[in-house]
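Contents: one structure, followed by commentary.
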Amino acid sequence: MLNNNIRKLLILLKKNFFHERGYEKNDKLRHLVIVDRERYVPTFSLSIFSKAICKKFDLSPILVTDLNKDHNIRKIFSSFNYDLIFSVFRFKFLFKNWNIFFKTTYFFLSNIFLIFFKPFKWIINNFNVKGIFIGDLVYDTYIRSNFNYKKPKKNLRFLWLLFKTIFRVFNLKINLFDKKIIKIVLVGTVCYSTNGAIVTRIANKKKIKVVEPFFYGFREHTNKTIEFGYYNQYVQKNLNKIKNINLKTADKFFHKKFYKDFIGTYTGRKDILNQRKKSKKELLNKSDFLKKLNLKNDYKKIVLFACHAFSDAPHGLGRDFIFDDYYQFLRESLNFIKNNNDNSILWLIKPHPSSEWYGEKGVVEKLVKDTGFSNIKIFPETISTLNAINNTDLVITGRGTIGMEFAAFGKLSLILGSAPYSALNICKRIKTKKKYFHLLSNIENIKVINNNQKNLARKLIFFLENHKKNFLTTSKIFDSITLKSFNSLDPKKRRKDHYIINNHLLNKLKKTKICDDIFFKEIKNIIKL
C-alpha cells in the first residue's frame, strides 16, 4: 500500500514542479541547505519551506542526507527538484575521503588523553572541534540506548560515536560550508549527534540563520537556544508581553485547565496520554492523599521529585544543567538523602509519565527500593499530578514544566538547569551541586513563593498555551486530516509517520498545487534573511 501511494505521490509532485527550471550547480551561487531528518513528515515541511525560501531569495538548494538514492524519502526530495546532494557519513567514506579521515584520526588521537581522563561533564560542556561543540550531542546519543545512562563508560561504542561525529564536523565544514555561499539552513532536529544538530552548530558559528520548520510555524536556533533551550529564549524575548497579560484572564484559564478540564499538568502530548490512562479523576485532600499512600500525617515536609525520561536527550532543552544527565540527578539525590536521612521529611518520587514508552519501566522503582527507607516512596501512577501539587510542599525537578505548575499554585520548585520559566524568578534555580545538596539537607526551611510570583507563573502558562509561536495559516493540503496521526497523543502512531502519504493527501495534491497553497505563500512572506 505504501509503495503504491509513493508512486502516485511522486507523479503528483513532479506535475507540481514540471514547468520549473532545475537548479544550477555553480559554486558562486547562493545556497540554502536542507538537512534530512529521515522521517516523512519533516521531509514535507522541509521541502515546502525550502521551496518557498528559494523562490523568494533566488537560492539554490543543497540536500544533506545519508540516505541512498532509492530510499522513498530521497525520492520525495528529488521530486522537488533537489538534485544537489551532500552525503556526510557512510562507512565507505572513511576510505574514500582520505583528507577528512586523516584530519579526524589526527584530531581524535591528539585529544585521546582528554577524552579518557576528563570527566563526562567536561566532555559535555567543553569538547569541541575547531569551536564546534559536540560533547553533549555525542553523550546524549550514547545514553539513548542500552540503558547506558546507568553507568556511562568511555567504551568502544562511545569512542566510535565520538569519532563519527568528529568526521561529520570536518566533512560538513570543509567540503560544504567552507566551499559554498550558504545564506540559510533548514533542519529537522537539533538533538543528538545527527547531521541536523551538527549543521546547526556549524551554521551558528558562521552566523548563518538556522530554521526548524513545522506545519504550524517554525523555530529559529542560535547559540543561546542551544545553551539554554529554545523556549527559555522565547520566553525571555516575550517577558513584557507575559507580564502585561490580564491577570483575570490568566486566572480563568488556569482554573479551567487544572480543575474543569482536569489535565492537571502542562506537558507534552504523549505525557498527557499516558497520564490520562493511569491516573484517576478525583481530587484528594491531604488526609485522603496520605491514606492512599498508606502513610500517617506526621511529616514536617512532603517533597515531590518529578523525574524526567532518562534516555530522552537530557541536553535537548539546553546544555545548561548541573548534572551529566537526568538519571545521575536522581541517583545522586537519593544517595544523598539516604546518607543524610531525616524521618520527618517524606520524599515522593514520581517516574516520568512516558517512562514505559522509553523502555524505562521499573528503573525509578529500583532506585527507590534500594534506599531501604520508608519515607522515600514511589508516587503512585493512579494519583494525578494535580493531587501531587495540592498535597505536597515543593517539587524538585531537573527542569520540567511541573516547576512552573507548582509556582502557579503558590508553591516553590527547585530546578537544576535552564527551563522555559527559569528567567522569571518564579522558582529557585540552583547552579552548583554543592548548593543543591546544601538545600536538600535544609529542605524544611524552604518557604513558599509570594503572590506576584504565583500570578506571573499563571500568566506564563496562559502565554505558552495560547500565544502564537510563529504560527502560519494551516495548509489546505497538509491539513488536520492528513496530519491526524501526527497530531495524535499516542507517540507510537506519530513515529510511524509514513501514514502522511494517504489517499486524502493524494486527492488534495490533485486539486491544489503546493505553490498555490496559503501555507506556502505565508512562508514566503514571513521568512527573512
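Not measured: the values here are computed from a predicted model. Heavy atoms only: backbone and side chains are in, while hydrogens, waters and symmetry mates are out.
A donor-acceptor pair shorter than 3.5 Å cannot be found between the side chains of Asn339 and Asn341. For the residue pair Asp320 / His315, no side-chain donor-acceptor distance below 3.5 Å is found, with atom types taken as modelled. A donor and an acceptor atom, one from each side chain of Arg399 and Tyr326, are located under 3.5 Å apart. With no hydrogens or angles considered, a side-chain donor-acceptor pair links Glu360 and Ser311 at under 3.5 Å. There is a side-chain donor-acceptor pair under 3.5 Å between Arg168 and Asn195.
The pair Asp370-Arg331 does not meet the salt-bridge criterion, since no charged nitrogen lies less than 4.0 angstrom from a carboxylate oxygen. At a threshold of 4.0 Å, the pair Glu365-Lys377 does not count as salt-bridged, since none of the basic side-chain nitrogens sits closer than that to a carboxylate oxygen. A salt bridge links Glu227 and Arg319; the closest N-O separation between the charged side-chain nitrogens and carboxylate oxygens is under 4.0 Å. Checked for salt-bridge contact, Lys257 and Glu465 meet the test: a charged N lies under 4.0 Å from a carboxylate O.
Formation of a donor-acceptor pair under 3.5 Å by the Lys411 side chain with backbone atoms of Thr392 is found in this model. Asn375 places a side-chain N or O within donor-acceptor distance of the main-chain N or O of Asp342, the cut-off being under 3.5 Å. Within the 3.5 Å criterion, the main-chain N or O of Ser422 finds no donor-acceptor partner in the side chain of Asn232. A donor-acceptor pair is defined here as one N or O able to donate and one able to accept, closer than 3.5 Å; such a pair exists between the side chain of Asn148 and the backbone of Ser145. A donor-acceptor pair is defined here as one N or O able to donate and one able to accept, closer than 3.5 Å; such a pair exists between the side chain of Tyr192 and the backbone of Ala313.
Applying the ring-ring contact (aromatic ring centres under 6.0 Å, His included) test between Phe215 and each of Phe49, Phe520, Phe519 identifies Phe519 as the sole match. For the ring-ring contact (aromatic ring centres under 6.0 Å, His included) with Phe254, the qualifying choice from Phe462, Phe463, Phe409 is Phe409, the only one to do so. A ring-ring contact (aromatic ring centres under 6.0 Å, His included) with Phe336 is found for one member of Phe437, Phe329, Phe305, Trp347 and no other, namely Phe437.
Aromatic pair Phe120/Phe158: centroids less than 6.0 angstrom apart.
Counting non-hydrogen atoms of neighbouring residues, nucleotides and ligands closer than 6.0 angstrom, the NZ atom of Lys154 exceeds 12 such neighbours. In Lys150, the NZ atom is crowded: over 12 heavy atoms of neighbouring residues, nucleotides or ligands sit closer than 6.0 Å.
For Tyr327, the ring pair (Phe, Tyr, Trp, His ring centres under 6.0 Å) test picks out Tyr149, Phe310, with sequence neighbours left out. Contacts of Phe127 classified as ring pair (Phe, Tyr, Trp, His ring centres under 6.0 Å), with partners at least two apart in sequence or in another chain: none.
Taking the six-membered ring where the residue is Trp, Tyr230 and Tyr234 present parallel rings, their angle staying beneath 30° rather than reaching 60°.
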| said: For a side-chain contact (heavy atoms from CB on, under 4.5 Å) check, start with the C-alpha distance between Leu46 and Asp36, then their side-chain angles and the critical distance, and finish with the verdict. | reply: CA-CA 8 Å; Leu46 286 165; Asp36 171 30; 5.5 Å; no

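The CG atom of Asn285 sits 7.0 Å away from atom CG of Asn391, with the distance rounded to the nearest 0.5 Å.
Cation-pi geometry between Arg458 and Phe253 is not met at under 6.0 angstrom from the ring centre and within 45 degrees of the axis.
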